[in-house]
Asker: 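Next up is a structure, given as structure tokens.
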Amino acid sequence: MQTRTQDNDQVARRYEELEHLESAGVLAYPYAFDKTHSAAAAKSQYQDDTPELTVAVAGRIVGIRRMGKASFVHIQDDSGRLQIYLKKDDLPDYDQFRLYDIGDIIGAAGYMFRTRTNEVTLHARSFTLLTKCLSPLPIAKEEIDEEGNRIVHDQFADKEMRYRQRYVDLAVNPEVRDVFRKRAKLITTVRRYLDQRNYLEVETPVLHTMYGGAAARPFASHLNALDIPLFLRISLELNLKRLMVGGFEGVYELGKNFRNEGIDKTHNPEFTMLELYVAYRDYMWMMEMTEEMLTEVVMAVNGSLHVTAANGATLDFTPPYRRATMHGLIAEYTGKDIEGMDLASLRALAHEQGVHTDATMGIGKVIDEIFSEKVQPHLVQPTFVMDYPEEMVPLAKPHRSKAGLVESWELIINTQELAPCFSELNDPRVQRRRFTEQAKLRDAGDDEAMLIDEDFLRALEVGMPPAAGMGLGIDRLTMILTGEESIRDVIFFPMMRPDERRDAGGSDAAAADETAG
RNA sequence: GAUCUCGUAGCUCAGUUGGUUAGAGCAUCUGACUUUUAAUCAGAGGGUCCUGGGUUCGAGUCCCAGCGAGAUCACCA
């Protein structure tokens, strides 16, 4: 039987040290530790002229400087780093510290003081092993230069290893934890904003017998109990609308969607969406609300309404954001008014503009292509793009005054689509027609066109009140607010191709297949 | 899916025109050191050069195929 995940001299030595410690009576994996202070609190509560401050702290060893009969250790906890001074005269088991390593999790108790080099430090009266680190951690060395800049030497930087072993990345690269703290702040701020307005947070199934609500390819599975095909949801939309039919006037869900499509800097197969539906409101109302909510979120996460994006652009979230119609923007960037154009004329325009189209594309997709290529790359500041063509948005209500368009907008920030919204289509007759048109597109070869969902149509027949609905891509907003340029840097465990060389073992695929059948 | 780039010690990286036993810093080990902080000083160990073929007297280096990653493009709310 394999006893160690890795086998090199450093791992072997640490296993030996662990045995030495245990044979000396040390409990290598104890059950708890009475921690009184975080590293940050211990430092901030210390004042040179006050009485002795005694603390008990715990954290991972990130640096050791042994000096014979005394040692300096830096530990790191959730709040930051703290130096600990270990002195043989004060510690009967000092010699045992020889068997401690970088990466070990320890507890220490003592009193705070300031060293000769002016660092507030814990003078330990006791220390204890809390968890042995058996795999060497690539903790980088840091120094502070004359100007106070933090210089990190030989930082653990291999992106593949950082994503595959995120626990190591988080343990040794403190700034990575900050990204995810911001992500959490974003989500809690959104939730608080919506809860304060009495919208109901709900959970709807991830497993769908029929997928819908967006144009995307699904993940397919199989439900053994009923012997039926099953799909992971590609959007939250249709079930939330069913809840509106049931009488909830404001519902939202924060959850994962799954799309069986490409993986790149802005796409992960599973990603987090907010969807919100509010009865008796329309898309213009939702625009105001979204603007207000985003302003609050940006302030909470970023501390300012000016955000520096990964590509260096400065994004200004001061409301109001720009509002422009899709037709207006296309006219602005191509010089052509597409209002009322038929498919042939649109194809000709696309060709003239150097935009590629193919035979499977209907009017909606051709316009989408022109917009994506000629307009969207110019939209850096937050912009509400309004009034999409009907063919592009099968679940939105026809525009109250503009024929052929729907009441919808998409918020674009830094050329990225971030949040779609419609006045929700609730006329079952129109919805059936739109679904039928989607079915034709599907027959024409568009494998992302929507399916006809008879139960959803029945729900609309029961009656859904007029409502506005909005979706918000949480991962992409996190990217913008943290200045990360890859979605993988805002998802703890992004999808990676399995590493068979590194993870070869007895478990996984074969066994899973057996139970799946 | 296409193209380009990369894969060498636990980590970060060198490695010349193809040529002796593949190097450095950190980490690790041994020794010294009771206020250090990229601690310092002396010594030591550690390699599937991503994998498999090929060319060659000789391959980390050149060629082919594969695996993995990154970037760009294509696709994609």
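These values consider heavy atoms only, across backbone and side chains, with no hydrogens, waters or symmetry-generated copies. Letters go in sequence order (proteins before strands), and every chain restarts at 1.
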Asker: Using a cut-off of under 3.5 Å, enumerate the N/O to N/O pairs linking the protein to nucleotides 24-28 of chain B.
Answerer:
{"from": "B/G25", "atom 1": "N2", "to": "A/D154", "atom 2": "OD2", "distance (Å)": "3.1"}
{"from": "B/C26", "atom 1": "O3'", "to": "A/K141", "atom 2": "NZ", "distance (Å)": "3.2"}
{"from": "B/A27", "atom 1": "OP1", "to": "A/K141", "atom 2": "NZ", "distance (Å)": "2.4"}
{"from": "B/A27", "atom 1": "N3", "to": "A/Q10", "atom 2": "NE2", "distance (Å)": "3.2"}
{"from": "B/U28", "atom 1": "O3'", "to": "A/R13", "atom 2": "NE", "distance (Å)": "2.9"}
{"from": "B/U28", "atom 1": "O3'", "to": "A/R13", "atom 2": "NH2", "distance (Å)": "3.0"}
{"from": "B/U28", "atom 1": "O2'", "to": "A/R13", "atom 2": "NE", "distance (Å)": "3.1"}

Asker: Among all residues two or more places apart in sequence or in another chain, which pass the ring pair (Phe, Tyr, Trp, His ring centres under 6.0 Å) test with A/F219?
Answerer: none
Asker: Is there any salt bridge (Lys or Arg N to Asp or Glu O under 4.0 Å) pair reaching into residues 99-110 of chain A, and which pairs are they, with sequence neighbours excluded?
Answerer: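 As it turns out, the salt bridge (Lys or Arg N to Asp or Glu O under 4.0 Å) pairs with a partner in residues 99-110 of chain A, which skip direct neighbours, are A/R13-A/D101, A/D101-A/K132, A/D104-A/K132.
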Asker: Taking atom P in both B/C49 and B/C41, what distance in whole Å separates the two?
Answerer: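 Between the two P atoms, the distance is 33 Å.
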Asker: Identify the nucleotide, in any strand shown, that forms a Watson-Crick or G-U wobble pair with B/C26, with both distances under 3.5 Å; if there is none, say none.
Answerer: B/G10
Asker: Indicate for each nucleotide in nucleotides 72-77 of chain B, in 5' to 3' sequence, whether protein heavy atoms under 4.0 Å reach the base (B), only the sugar-phosphate (S), or nothing (-).
Answerer: S--BBB
Asker: Describe the nucleic acid contact of A/A140 in one word from base, sugar-phosphate, nothing, applying a heavy-atom distance below 4.0 Å.
Answerer: nothing
Asker: Please work out which of the three classes, parallel, tilted or perpendicular, describes the rings of A/F435 and A/F456, given edges at 30° and 60°.
Answerer: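 Because their plane-to-plane angle is over 60°, the rings of A/F456 and A/F435 count as perpendicular.
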Asker: Can you tell which of B/A69, B/A38, B/C33 lies closest to the side chain of A/M496?
Answerer: B/A69
Asker: When all nucleic acid strands are considered with a 4.0 Å heavy-atom cut-off, which category describes A/Q83: base, sugar-phosphate, or nothing?
Answerer: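 Answer is base: heavy atoms of A/Q83 come under 4.0 Å of a base.
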Asker: Can you tell me how far P in B/U61 sits from the matching atom in B/G19, rounded to whole Å?
Answerer: 11 Å
Asker: Send over the distance from A/E143 CD to B/A39 C1', rounded to a whole Å.
Answerer: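 These atoms are roughly 12 Å apart.
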Asker: Rounding to an integer number of angstrom, what distance separates B/G10 and B/C50 when you compare their P atoms?
Answerer: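 Their P atoms lie roughly 13 Å apart.
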Asker: In the structure shown, which nucleotide is the Watson-Crick or G-U wobble counterpart of B/A59, with both distances under 3.5 Å?
Answerer: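 Looking at the geometry, B/A59 pairs with no nucleotide.
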Asker: What's the CZ-C1' distance between A/R162 and B/G70, to the nearest Å?
Answerer: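 Between C1' of B/G70 and CZ of A/R162: 13 Å.
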Asker: Do A/E119 and B/U36 share a donor-acceptor pair, side chain to base, under 3.5 Å?
Answerer: no
Asker: Detail all sub-3.5 Å separations between protein N/O atoms and N/O atoms belonging to nucleotides 3-5 of chain B.
Answerer:
none

Asker: For the side chain of A/T115, counting heavy atoms from C-beta on, which of B/U36, B/C33, B/G68 is nearest?
Answerer: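 Among B/U36, B/C33, B/G68, the one nearest the side chain of A/T115 is B/U36.
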Asker: Considering all heavy atoms of both residues, which atom of A/L91 and which atom of A/S126 are nearest to each other, and what is their separation?
Answerer: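 Taking every non-hydrogen atom into account, CD2-N, 3.6 Å.
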Asker: Applying side chain to side chain contact (heavy atoms under 4.5 Å, CB included), can you list everything that pairs with A/T325, at least two apart in sequence or on another chain?
Answerer: A/H327, A/D387, A/K402
Asker: Which nucleotide, in any strand shown, forms a Watson-Crick or G-U wobble pair with B/A2, with both distances under 3.5 Å?
Answerer: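 Looking at the geometry, B/A2 pairs with B/U72.
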Asker: By the salt bridge (Lys or Arg N to Asp or Glu O under 4.0 Å) test, which pairs, at least two apart or in different chains, include something from residues 468-488 of chain A?
Answerer: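 For residues 468-488 of chain A, and leaving out neighbouring residues, the salt bridge (Lys or Arg N to Asp or Glu O under 4.0 Å) pairs sorted by first residue read A/R183-A/D475.
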Asker: Using purine N1 to pyrimidine N3 plus N6-O4 or O6-N4 for Watson-Crick, or N1-O2 and O6-N3 for G-U wobble, each under 3.5 Å, what pairs with B/G46?
Answerer: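 Base partner found: none.
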Asker: So A/Y163, base contact, sugar-phosphate only, or nothing? Heavy-atom distance under 4.0 Å.
Answerer: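 The answer is sugar-phosphate, as A/Y163 gets under 4.0 Å only of primed atoms, P, OP1 or OP2.
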Asker: In whole Å, what is the span from the CG atom of A/L122 to the P atom of B/U35?
Answerer: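 Interatomic distance, CG of A/L122 to P of B/U35: 17 Å.
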Asker: More 5' along RNA chain B: A/S486 or A/D89, using each one's nearest nucleotide?
Answerer: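 Between the two, 5'-proximity favours A/D89.
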Asker: Sticking with atom C1', work out how far B/A39 lies from B/A27, rounded to a whole angstrom.
Answerer: 15 Å
Asker: Looking only at heavy atoms, what is the nearest atom pair of A/G483 and A/A310, with distance?
Answerer: O-CB, 3.3 Å
Asker: Taking the minimum atom-to-atom distance to the side chain of A/T121, which one of B/U36, B/C11, B/G70 wins?
Answerer: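 In terms of side-chain proximity for A/T121, the closest of B/U36, B/C11, B/G70 is B/U36.
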Asker: Considering only the C1' atoms, how many Å lie between B/A38 and B/G46, rounded to the nearest integer?
Answerer: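 Comparing C1' positions in B/A38 and B/G46 gives a spacing of 23 Å.
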Asker: Just compare B/G68, B/U36, B/C33 and give me whichever is closest to any side-chain atom of A/R497.
Answerer: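 For the A/R497 side chain, the nearest candidate turns out to be B/G68.
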Asker: How far, in whole Å, is B/C62 from B/A14 if one measures between their P atoms?
Answerer: 15 Å
Asker: Say you pick atom P in B/A59 and the same atom in B/U51; how far apart are they, in whole Å?
Answerer: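 15 Å, rounded to whole Å.
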Asker: Classify A/K88 by what it touches in the nucleic acid, base, sugar-phosphate, or nothing, heavy-atom distance under 4.0 Å.
Answerer: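 Nothing, no nucleic acid heavy atom in range.
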Asker: Return the nearest nucleotide to the side chain of A/P138; candidates are B/U36, B/C11, B/A38.
Answerer: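 My answer, after comparing the listed nucleotides, is B/C11.
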Asker: Run the side chain to side chain donor-acceptor pair (under 3.5 Å) test on A/H153 and A/E142 for me, step by step, so that the C-alpha distance in whole Å, both residues' side-chain angles and the decisive distance to 0.1 Å come before the verdict.
Answerer: CA-CA 6 Å; A/H153 298 271; A/E142 295 183 10; over 6 Å; no
Asker: Select one nucleotide: of B/U30, B/G10, B/A69, the one nearest the side-chain heavy atoms of A/N8.
Answerer: B/G10
Asker: Taking atom P in both B/C6 and B/C64, what distance in whole Å separates the two?
Answerer: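 Each nucleotide's P atom is 14 Å from the other's.
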Asker: Scan A/D158, A/D489, A/D169 and name whichever one has a side-chain hydrogen bond (donor to acceptor under 3.5 Å, both in side chains) with A/Y163.
Answerer: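 Of the listed options, the one satisfying the test is A/D489.
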Asker: Not counting sequence neighbours, which residues clear side chain to side chain contact (heavy atoms under 4.5 Å, CB included) with A/A215? List them please.
Answerer: A/E448
Asker: Which pairs would a plain distance check flag for residues 57-70 of chain A, meaning a side-chain donor or acceptor within less than 3.5 Å of a matching protein atom at least two apart in sequence or in another chain?
Answerer:
{"from": "A/R60", "atom 1": "NH1", "to": "A/G103", "atom 2": "O", "distance (Å)": "2.7"}
{"from": "A/R65", "atom 1": "NH2", "to": "A/H74", "atom 2": "ND1", "distance (Å)": "3.4"}
{"from": "A/R65", "atom 1": "NH2", "to": "A/Q83", "atom 2": "OE1", "distance (Å)": "2.7"}
{"from": "A/R66", "atom 1": "NH1", "to": "A/F97", "atom 2": "O", "distance (Å)": "3.1"}
{"from": "A/R66", "atom 1": "NH2", "to": "A/Y100", "atom 2": "O", "distance (Å)": "2.8"}

Asker: Applying the Watson-Crick and G-U wobble criteria at under 3.5 Å, what pairs with B/U36? Answer none if nothing qualifies.
Answerer: none
Asker: Need to verify one output field. Residue with the more 5' nearest nucleotide on RNA chain B, A/R488 or A/R116?
Answerer: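 Counting from the 5' end, the first nearest nucleotide belongs to A/R116.
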Asker: Listed by chain and number, what are the salt bridge (charged side-chain N to carboxylate O under 4.0 Å, His left out) partners of A/E369, not counting sequence neighbours?
Answerer: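 Per chain and number, A/E369 pairs via salt bridge (charged side-chain N to carboxylate O under 4.0 Å, His left out) with no residue.
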Asker: From the set B/U36, B/A69, B/C11, return the single nucleotide nearest to any side-chain atom of A/M161.
Answerer: B/C11
Asker: Taking ring pair (Phe, Tyr, Trp, His ring centres under 6.0 Å) as the cut-off, I'd like each qualifying pair that reaches into residues 358-389 of chain A, sequence neighbours left out, listed once.
Answerer: A/Y321-A/F384, A/Y333-A/H378, A/F384-A/W409
Asker: Run the numbers on A/H37 and A/Y46 for side chain to side chain donor-acceptor pair (under 3.5 Å), then give the verdict.
Answerer: CA-CA 11 Å; A/H37 288 68; A/Y46 174 74; over 6 Å; no
Asker: Take the protein atom CG of A/D158 and the nucleotide atom C1' of B/G70, then report the distance between them rounded to whole Å.
Answerer: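 These atoms are roughly 10 Å apart.
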Asker: Please table the atom pairs, donor to acceptor, closer than 3.5 Å between any side-chain atom in residues 412-419 of chain A and protein atoms at least two apart or in another chain.
Answerer:
{"from": "A/N414", "atom 1": "OD1", "to": "A/N311", "atom 2": "ND2", "distance (Å)": "3.3"}

Asker: Does a side-chain N or O from A/R65 land closer than 4.0 Å to OP1 or OP2 of B/A39, or not?
Answerer: yes
Asker: Checking base pairs now: Watson-Crick or wobble, both atom distances under 3.5 Å. What partners B/A65?
Answerer: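 Pairing partner, where one exists within any strand: B/U51.
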